[in-house]
Student: 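Quick one: structure below, then a few questions.
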There are 2 protein chains.
Amino acid sequence: MNRKVSAITTDTFPSEMRTSLGRNLTYGMLDVIGRAIVIGEYDNVAFPTEAELARKHGVSRAVTREAVKMLTAKGLLSARPRQGTIVQPQSSWNLFDSDVLHWLLERKFSVELLRHFNQLRVAIEPEAAALAAMQATDAERAAIGAGLARMVAAEAGADNTLAADIAFHVAVLEGSRNPFYKQFRDMVASALATSIHFTNRIKGRSASIEDHRAVYDAILKRDSDGARCAMRRLIGDVLILIGEAEVTAKS
Amino acid sequence: MNRKVSAITTDTFPSEMRTSLGRNLTYGMLDVIGRAIVIGEYDNVAFPTEAELARKHGVSRAVTREAVKMLTAKGLLSARPRQGTIVQPQSSWNLFDSDVLHWLLERKFSVELLRHFNQLRVAIEPEAAALAAMQATDAERAAIGAGLARMVAAEAGADNTLAADIAFHVAVLEGSRNPFYKQFRDMVASALATSIHFTNRIKGRSASIEDHRAVYDAILKRDSDGARCAMRRLIGDVLILIGEAEVTAKS
DNA sequence: TTCATCTAATTATCATATCTATCTGACTTT
DNA sequence: AAAGTCAGATAGATATGATAATTAGATGAA
């Protein structure tokens, strides 16, 4: 094809830009190249040199280098003199980086990805609920309750269903009082955002609120085993739905 | 104090340098500044401007900017015109980034951190073992067996205990066939490397090999519940040890 | 073949200049 | 007063051109 790559300018892209912070040439280029890598645009093609990248996107080499450096920090690239810049295998990407997650979901969505997501959630969230039952402060327990209240309100149309769901699950993570668990904020939010389109279509979520309440009640009673089981049931249901959908898709 | 910061040169630091790839000025500066941030050197002090950083470390502004950009990509910094560069709260650091992990462990080690580590492992690894029991390929099962064999050899002094332990646990993660689980390679390796000094001192690990073998056997038999329980027992023991150690340390 | 050496390509670094966003404070307007 | 407008100062953002360092690959000798 050899289509011309449109030049990056501060005016062009900021609207559709999706990245952690800032809106300037460097972050714009980070976004464009990161997305291109994730969708596999360079899988069978050599990655361009610094100079080529700069020319193609109409920016200076300094900006190009900074964007490339950020992508190496996220594990997508590596650069060496003479060898050039090369795309790293997916196994070394920082999948928990929120930019990488967004690129993956935006352009590379698949039911398999959703299953991988939820296979992780079924490990993390029940344990987080168990920790929260033991260690959460009163304020953190209240936040979980508030999330549940929002879900009830959403049922009646007074709040956003997705936002309420995310608030609940994030509050549980926060209640674990473990910084590593809190890291899964973005991941859980993304998983919920993508799976809501999915699960809604397959099955009504009327039972969902009662399941969430079971988690909350167990946490309030400081019943860590109960919280773990209730949360596991909640996510296990989603996994089953996904499994069925996958089988259906194949036949 | 106002001590003079030694200039970064390609000759000075490569020996003690700890970072993902490359050994040049940019990566050296990344390492130096990253470590300084993690140990809290800038908690009560304003972070220097680009120009100051460059001058203090004896490198150009381009190198400084690239290092800063990498640190923003890892979530440690953010930069805005006029406001300057500022250290982000720890909640937005990418804790699963292997550089960040190393900085944390090297300079900011604490029993609490070790407990947080293992609270995460107790969520991840049992579920990974369960997945491996269901989905691992023959080659992946063999790799788990090989890890166990190395542990037995290490018992007899024919292999490195730590390396063998890591090999086993990493092989289980690989067997999960889920890219998100595989991301915990570095984390598990770090956790084992730091906890081995610890657990060894408290209690002999003679029973450890039998516990590992139980995991392996369950995976071979495709018994996912058995694998999950066996792995949970394995890490649960470590958590108990740490909990006791913390109580002892406080008294 | 095998090893050492050279060459060229590509990243790495530097220095400098200019541009742009943003804060501050003074001034003006209403 | 309260709100709007302008000027200066500051710090990051971008561009550019030159030079250094690294190393894959070609070349050539043993």
Side-chain angles (χ1 to χ4, degrees), chain A residues 6-15 17 19-33 37 42 45-73 75-88, chain B residues 6-14 17 19-33 37 42 45-73 76-88:
Chain A
S6 59
I8 296 176
T9 72
T10 14
D11 298 325
T12 330
F13 55 50
S15 46
M17 214 179 70
T19 187
S20 34
L21 303 158
R23 29 198 84 204
N24 48 38
L25 293 188
T26 303
Y27 285 97
M29 195 164 193
L30 165 69
D31 196 48
V32 170
I33 303 182
I37 293 172
Y42 297 109
V45 195
F47 196 83
T49 65
E50 261 182 30
E52 283 174 315
L53 275 179
R55 187 170 39 75
K56 277 191 200 169
H57 294 89
V59 295
S60 71
R61 284 206 337 279
V63 167
T64 305
R65 283 183 58 82
E66 285 168 17
V68 166
K69 276 277 144 55
M70 294 187 78
L71 286 166
T72 70
L76 305 201
L77 292 176
S78 80
R80 289 170 59 196
R82 169 73 211 198
Q83 183 196 31
T85 307
I86 59 180
V87 175
Q88 292 290 101
Chain B
S6 59
I8 296 177
T9 71
T10 13
D11 297 325
T12 330
F13 54 48
M17 212 179 71
T19 187
S20 36
L21 303 159
R23 30 196 85 207
N24 46 39
L25 294 187
T26 303
Y27 285 97
M29 195 164 193
L30 165 69
D31 196 47
V32 170
I33 303 182
I37 293 173
Y42 297 108
V45 195
F47 195 82
T49 64
E50 267 182 22
E52 283 173 316
L53 275 180
R55 189 169 38 74
K56 279 191 198 170
H57 294 89
V59 294
S60 71
R61 272 185 77 191
V63 167
T64 305
R65 281 183 60 81
E66 285 169 19
V68 167
K69 276 279 146 56
M70 293 187 79
L71 286 165
T72 70
L76 305 200
L77 293 176
S78 79
R80 287 172 57 193
R82 172 74 207 196
Q83 181 196 30
T85 307
I86 58 180
V87 175
Q88 293 289 102

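Chain naming here is simple, since letters A, B, ... match the order of the sequence lines and numbering starts at 1 in each. Only heavy atoms go into these numbers, but all of them, side chains included; no hydrogens, no water, no symmetry mates. All figures in this text were calculated on a predicted structure; none of them were measured in a lab.
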Student: Mind pulling the stems DNA chain D is in, i.e. runs of at least three Watson-Crick or G-U pairs, everything under 3.5 Å?
Tutor: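 Stem segments, range with range: C:1-30 with D:1-30.
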Student: CE of A/Met29 versus C1' of D/dA13: gap in Å, rounded?
Tutor: 15 Å
Student: Of all the heavy-atom pairs spanning A/Val59 and A/Met29, show the shortest one and how long it is.
Tutor: CG2-SD, 3.6 Å
Student: Among C/dT13, D/dG12, D/dT10, which is the nearest nucleotide to the side chain of B/Asn24?
Tutor: C/dT13
Student: Please tell me if B/Thr26 has a side-chain N or O lying less than 4.0 Å from either OP1 or OP2 of C/dT13.
Tutor: yes
Student: Please tell me whether B/Glu50 and B/Thr64 have a donor and an acceptor in their side chains that are separated by less than 3.5 angstrom.
Tutor: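 B/Thr64 and B/Glu50 do not have a side-chain donor-acceptor pair below 3.5 Å.
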Student: Would you indicate, yes or no, if D/dG12 has its OP1 or OP2 atom less than 4.0 angstrom from a side-chain nitrogen or oxygen of B/Thr85?
Tutor: yes
Student: Grab the two heavy atoms, one from A/His57 and one from A/Val32, that are nearest each other, plus how far apart they are.
Tutor: NE2-CG1, 4.0 Å
Student: Work out which heavy atom in B/Pro48 is nearest to a heavy atom in B/Lys56; give both atom names and the distance.
Tutor: CG-NZ, 4.0 Å
Student: Send over the distance from B/Leu53 CG to C/dC14 P, rounded to a whole Å.
Tutor: 14 Å
Student: Atom CD of B/Glu50 to atom P of C/dA15: distance rounded to whole Å?
Tutor: 15 Å
Student: Just the rounded figure in Å: distance from P of C/dA12 to OH of B/Tyr27.
Tutor: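 To the nearest whole Å, that distance equals 7 Å.
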Student: Which of the following nucleotides, C/dA12, D/dT23, D/dA15, is nearest to the side chain of A/Arg65?
Tutor: C/dA12
Student: Does A/Arg61 or A/Gln83 map to a spot on DNA chain D nearer the 5' end, using the closest nucleotide for each?
Tutor: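 Its nearest nucleotide being more 5', the pick is A/Arg61.
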Student: Side chain of B/Ala62: nearest nucleotide among C/dA12, D/dG25, C/dC14?
Tutor: C/dC14
Student: Under a 4.5 Å cut-off applied to non-hydrogen side-chain atoms, are B/Ile86 and B/Phe47 in contact?
Tutor: no
Student: Any side-chain N or O of A/Lys69 less than 4.0 Å from the OP1 or OP2 oxygen of C/dT11?
Tutor: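 No, outside the criterion.
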Student: Find the distance B/His57:NE2 to C/dT13:P and express it as a whole number of Å.
Tutor: 15 Å
Student: Where each residue is assigned the nucleotide of DNA chain D containing its nearest heavy atom, which of A/Arg80 and A/Val63 is assigned the position nearer the 5′ end?
Tutor: A/Val63
Student: Could you check which of D/dT22, D/dT14, D/dA13 has an atom nearest any side-chain atom of A/Arg82?
Tutor: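 Nearest nucleotide to the side chain: D/dT22.
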Student: So which heavy atom on A/Met70 is nearest to which on B/Ala73, and how close?
Tutor: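 That closest heavy-atom pairing would be O-CB, 3.8 Å.
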Student: Do any N or O atoms from the side chain of A/Glu66 and from the backbone of A/Val63 form a donor-acceptor pair under 3.5 angstrom?
Tutor: no
Student: Can you find a side chain N or O atom of B/Ser60 that sits less than 4.0 Å from OP1 or OP2 on C/dC14?
Tutor: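 Yes, because at least one side-chain N or O of B/Ser60 sits under 4.0 Å from OP1 or OP2 of C/dC14.
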Student: Once you round it to whole Å, what is the distance between P of C/dT11 and CD of A/Glu66?
Tutor: 16 Å
